[in-house]
A.B. asks: 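One structure is given below, represented as structure tokens, and several questions about it will come after.
FYI, side chains are in, hydrogens and waters are out, and symmetry mates aren't considered; it's all heavy atoms of this structure.
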Amino acid sequence: MTKLPSDAELAKMFHLGVSDAALAEQYGVTVQAVNKRFVNMGLRKKPIAVRVNELVKSIWDVKTSRSGPSHHNAYVLKNLKVYMRVQLGDTVGTTQQREADWLIGRLSRDNTVIDYDPMTEDGWLYVPRESADGRLIIRWPAAKDLPQDEDLRRALELPREKVDGGQGSSEAGENA
């Protein structure tokens, strides 16, 4: 069995984003062996759900309250997070997958994006898609920069087969 490379080489690959599975295959070891080595080196990848939650927090200050209206448990937000997790490669249950698919179907069918307004009762709104939205599934706040991480940006986009020049859904993937 081939052994893993030096800590320095492994750290370099970690920071380049090479997956544990790819490293395991390349060096003929298990994924668990790669992960254990990273843990021993103090290198940990954030779970996908944590990355999604951090991204949502960086975009919006979602209203939470124990005594009044709260928006952090809204159906729209839960489905948005599940969709983003799936786009980042996370495994979700059948019901969650169905709800994420429903959300994307609605956004595509109605040519809308998700927006957040903490001053409204529900907080989460479906608003008409504008050309400035591009492929995003959310209305990006003007005062915020898009994430630098390409994977996170892709997780905020409609699937390719659901966009027709940024103006609505296409039938290409639906009739195949």
Side-chain angles (χ1 to χ4, degrees), residues 1-60 62 72-73 75-109 113-114 133-138 140-141 144-166 168-176:
M1 182 185 306
T2 307
K3 294 189 178 185
L4 290 168
S6 68
D7 284 357
E9 185 65 23
L10 203 55
K12 179 180 175 183
M13 288 186 248
F14 175 88
H15 292 296
L16 287 173
V18 179
S19 73
D20 293 3
L23 289 169
E25 184 176 331
Q26 180 178 347
Y27 291 101
V29 297
T30 65
V31 173
Q32 292 83 356
V34 173
N35 186 269
K36 182 177 180 180
R37 183 83 172 275
F38 282 146
V39 169
N40 289 341
M41 293 168 57
L43 299 174
R44 298 191 125 188
K45 293 183 180 173
K46 293 180 182 177
I48 292 172
V50 172
R51 290 178 67 201
V52 167
N53 285 333
E54 287 176 352
L55 178 60
V56 168
K57 287 178 188 175
S58 76
I59 301 169
W60 301 292
V62 178
H72 75 284
N73 281 327
Y75 184 72
V76 174
L77 179 59
K78 287 180 180 182
N79 291 343
L80 172 64
K81 287 180 178 182
V82 169
Y83 172 76
M84 291 169 53
R85 287 177 45 209
V86 169
Q87 293 301 101
L88 290 167
D90 205 356
T91 303
V92 298
T94 305
T95 300
Q96 287 180 311
Q97 182 66 58
R98 197 171 32 243
E99 290 172 344
D101 292 344
W102 175 88
L103 174 70
I104 294 306
R106 176 178 180 166
L107 295 175
S108 299
R109 180 189 69 240
V113 295
I114 297 168
D133 296 320
R135 297 175 33 75
L136 292 176
I137 58 175
I138 64 170
W140 193 264
K144 303 277 184 171
D145 291 329
L146 283 168
Q148 295 297 313
D149 184 314
E150 190 175 319
D151 288 338
L152 289 177
R153 282 196 312 266
R154 267 197 309 269
L156 291 165
E157 295 179 348
L158 286 169
R160 288 267 177 217
E161 68 274 5
K162 296 290 185 187
V163 176
D164 179 21
S169 66
S170 78
E171 301 295 321
E174 295 169 17
N175 295 330

A.B. asks: Would a 4.5 Å heavy-atom cut-off, applied to side chains only, mark M13 and E9 as touching?
C.D. replies: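 Sidechains of E9 and M13: in contact.
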A.B. asks: Answer whether the closest heavy-atom distance between the side chains of L43 and L10 falls below 4.5 Å.
C.D. replies: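 No, side chains not in contact.
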A.B. asks: Please round to the nearest 0.5 Å and tell me the distance separating atom CG of L80 and atom CG of L55.
C.D. replies: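 Spacing of CG (L80) from CG (L55) equals 9.0 Å.
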A.B. asks: For the residue pair N73 and K78, establish whether any side-chain heavy-atom pair is separated by less than 4.5 Å.
C.D. replies: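 A side-chain contact exists here, since the closest heavy-atom pair is under 4.5 Å.
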A.B. asks: Any chance you could measure I138, atom CD1, to L77, atom CG, to the nearest 0.5 Å?
C.D. replies: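 Rounded to the nearest 0.5 Å, the CD1-CG separation comes out at 10.5 Å.
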A.B. asks: With the side chain counted from C-beta on, respond yes when I114 and I137 share a heavy-atom pair under 4.5 Å apart, and no when they do not.
C.D. replies: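 The answer is no; the side chains never approach within 4.5 Å.
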A.B. asks: Can you sort out the partners of N79 under side-chain contact (heavy atoms from CB on, under 4.5 Å), two or more places apart, ordered by chain and number?
C.D. replies: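 Scan of N79 (side-chain contact (heavy atoms from CB on, under 4.5 Å), adjacent residues dropped) gives Y75, E99, W102, L103.
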A.B. asks: Taking all atoms of both residues into account, what is the closest heavy-atom pair of I59 and K144, and its distance?
C.D. replies: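 Heavy-atom minimum between the residues: O-CE, 3.5 Å.
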A.B. asks: Is there a side-chain contact between D7 and R37 (heavy atoms, below 4.5 Å)?
C.D. replies: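 Counting from C-beta outward, D7 and R37 do come under 4.5 Å.
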A.B. asks: If you apply the rule side-chain contact (heavy atoms from CB on, under 4.5 Å), what do you find for M84 with L156, and how did you get there?
C.D. replies: CA-CA 6 Å; M84 291 169 53; L156 291 165; 3.7 Å; yes
A.B. asks: What's the shortest heavy-atom distance between R135 and L158, and which atoms?
C.D. replies: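 Smallest heavy-atom distance, with atoms named: NH2-O, 2.5 Å.
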A.B. asks: Got a list of side-chain donor-acceptor pairs under 3.5 Å for residues 86-93, not counting sequence neighbours?
C.D. replies:
from	atom 1	to	atom 2	distance (Å)
Q87	NE2	Y83	OH	3.4
D90	OD2	R85	NE	2.9
D90	OD2	R85	NH2	3.2

A.B. asks: For D151 versus D149, what's the shortest heavy-atom pair and its separation?
C.D. replies: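 Taking every non-hydrogen atom into account, N-OD1, 2.8 Å.
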A.B. asks: Could you check whether any side-chain heavy atom of K57 comes within less than 4.5 Å of a side-chain heavy atom of V62, counting everything from C-beta outward?
C.D. replies: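 Counting from C-beta outward, K57 and V62 never come under 4.5 Å.
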A.B. asks: Can you tell whether the side chains of R154 and E150 come within less than 4.0 Å, N to carboxylate O?
C.D. replies: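 Yes, this pair counts.
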A.B. asks: Can you give me the closest heavy-atom contact between R153 and P147, atom names plus distance?
C.D. replies: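 That closest heavy-atom pairing would be NH1-O, 2.8 Å.
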A.B. asks: Within a strict 4.5 Å, meaning less than it, do heavy atoms of the L107 and I104 side chains meet?
C.D. replies: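 Side chain of L107 against side chain of I104, heavy atoms only: contact under 4.5 Å found.
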A.B. asks: Might you point out which heavy atoms bring W140 and D145 nearest each other, and give the distance in Å?
C.D. replies: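 Distance-wise, the nearest heavy atoms are CZ2-O, 3.1 Å.
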